[in-house]
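Quick notes on the structure that follows.
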Amino acid sequence: MDDIHYSKYLPLSEATFYVMVALNEPLHGYAIMQKVETMSGGSVTLGPGTLYGVFGALEKQALIVKVAEVERRKVYALTELGRKVLAEQVRRLEIMVGNARALLRTA
């Protein structure tokens, strides 16, 4: 069992969640914005200000790390801690969705 205190990191905002999911492979900012919009079916669009705010917070928490800089494009990747925090958020969301589905079936 991990000794991670997930309450320090969770819950993730919708924007932060999608950025972390997009970083299942190292990507630069513009590619992340495109991937998030595609993954969310257009329901989440990230502007540069939001994206770089998320990057700053995630870097400070050691959930992502800059792995390269190519032609002024910074490439980020999830850290191992980032993967664990994301997995815990997904586990919690699955419980929430399961409870809501059960409630809606009985309503």
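Because the structure is a prediction, the values reported are computed rather than measured.
The two residues Leu46 and Ala15 make their nearest non-hydrogen contact at CD2-CB, 3.6 Å.
Among residues at least two apart or in separate chains, ring pair (Phe, Tyr, Trp, His ring centres under 6.0 Å) pairs with a member in residues 36-59 are Tyr52-Phe55, Phe55-Tyr76. Contacts classified as salt bridge (Lys or Arg N to Asp or Glu O under 4.0 Å) and involving residues 86-103 (residues at least two apart or in different chains) are given here: Glu88-Arg91, Glu88-Arg92.
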Run the side-chain donor-acceptor check on residues 57-74: report pairs under 3.5 Å with partners two or more places apart or on a different chain.
{"unit_1": "Lys66", "atom_1": "NZ", "unit_2": "Glu69", "atom_2": "OE1", "d": "3.2"}
{"unit_1": "Arg73", "atom_1": "NH1", "unit_2": "His28", "atom_2": "NE2", "d": "3.4"}

For residues 6-13, which side-chain donor-acceptor pairs fall under 3.5 Å, sequence neighbours excluded?
{"unit_1": "Tyr6", "atom_1": "OH", "unit_2": "Asp2", "atom_2": "OD2", "d": "3.2"}
{"unit_1": "Ser13", "atom_1": "OG", "unit_2": "Thr16", "atom_2": "N", "d": "3.1"}
{"unit_1": "Ser13", "atom_1": "OG", "unit_2": "Thr16", "atom_2": "OG1", "d": "2.9"}

For residues 32-41, run the donor-acceptor check on the side chains, cut-off 3.5 Å, and write out each pair with its distance to 0.1 Å, sequence neighbours left out.
{"unit_1": "Gln34", "atom_1": "NE2", "unit_2": "Tyr30", "atom_2": "OH", "d": "3.3"}
{"unit_1": "Lys35", "atom_1": "NZ", "unit_2": "Ala22", "atom_2": "O", "d": "3.3"}
{"unit_1": "Lys35", "atom_1": "NZ", "unit_2": "Asn24", "atom_2": "OD1", "d": "2.8"}
{"unit_1": "Lys35", "atom_1": "NZ", "unit_2": "Glu25", "atom_2": "OE2", "d": "3.1"}
{"unit_1": "Thr38", "atom_1": "OG1", "unit_2": "Gln34", "atom_2": "O", "d": "3.1"}
{"unit_1": "Ser40", "atom_1": "OG", "unit_2": "Val36", "atom_2": "O", "d": "2.9"}
{"unit_1": "Ser40", "atom_1": "OG", "unit_2": "Glu37", "atom_2": "O", "d": "3.3"}
{"unit_1": "Ser40", "atom_1": "OG", "unit_2": "Ser43", "atom_2": "N", "d": "3.4"}
{"unit_1": "Ser40", "atom_1": "OG", "unit_2": "Val44", "atom_2": "N", "d": "3.0"}
{"unit_1": "Ser40", "atom_1": "OG", "unit_2": "Val44", "atom_2": "O", "d": "3.3"}

Could you walk me through whether Met96 and Leu93 pass the side chain to side chain contact (heavy atoms under 4.5 Å, CB included) test, one step at a time?
CA-CA 5 Å; Met96 290 169 57; Leu93 289 171; 4.2 Å; yes
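When the side chains of ILVMFWY residues are joined at heavy-atom separations under 4.5 Å, either directly or via intervening members, Val75 and Val19 end up in two distinct hydrophobic clusters.
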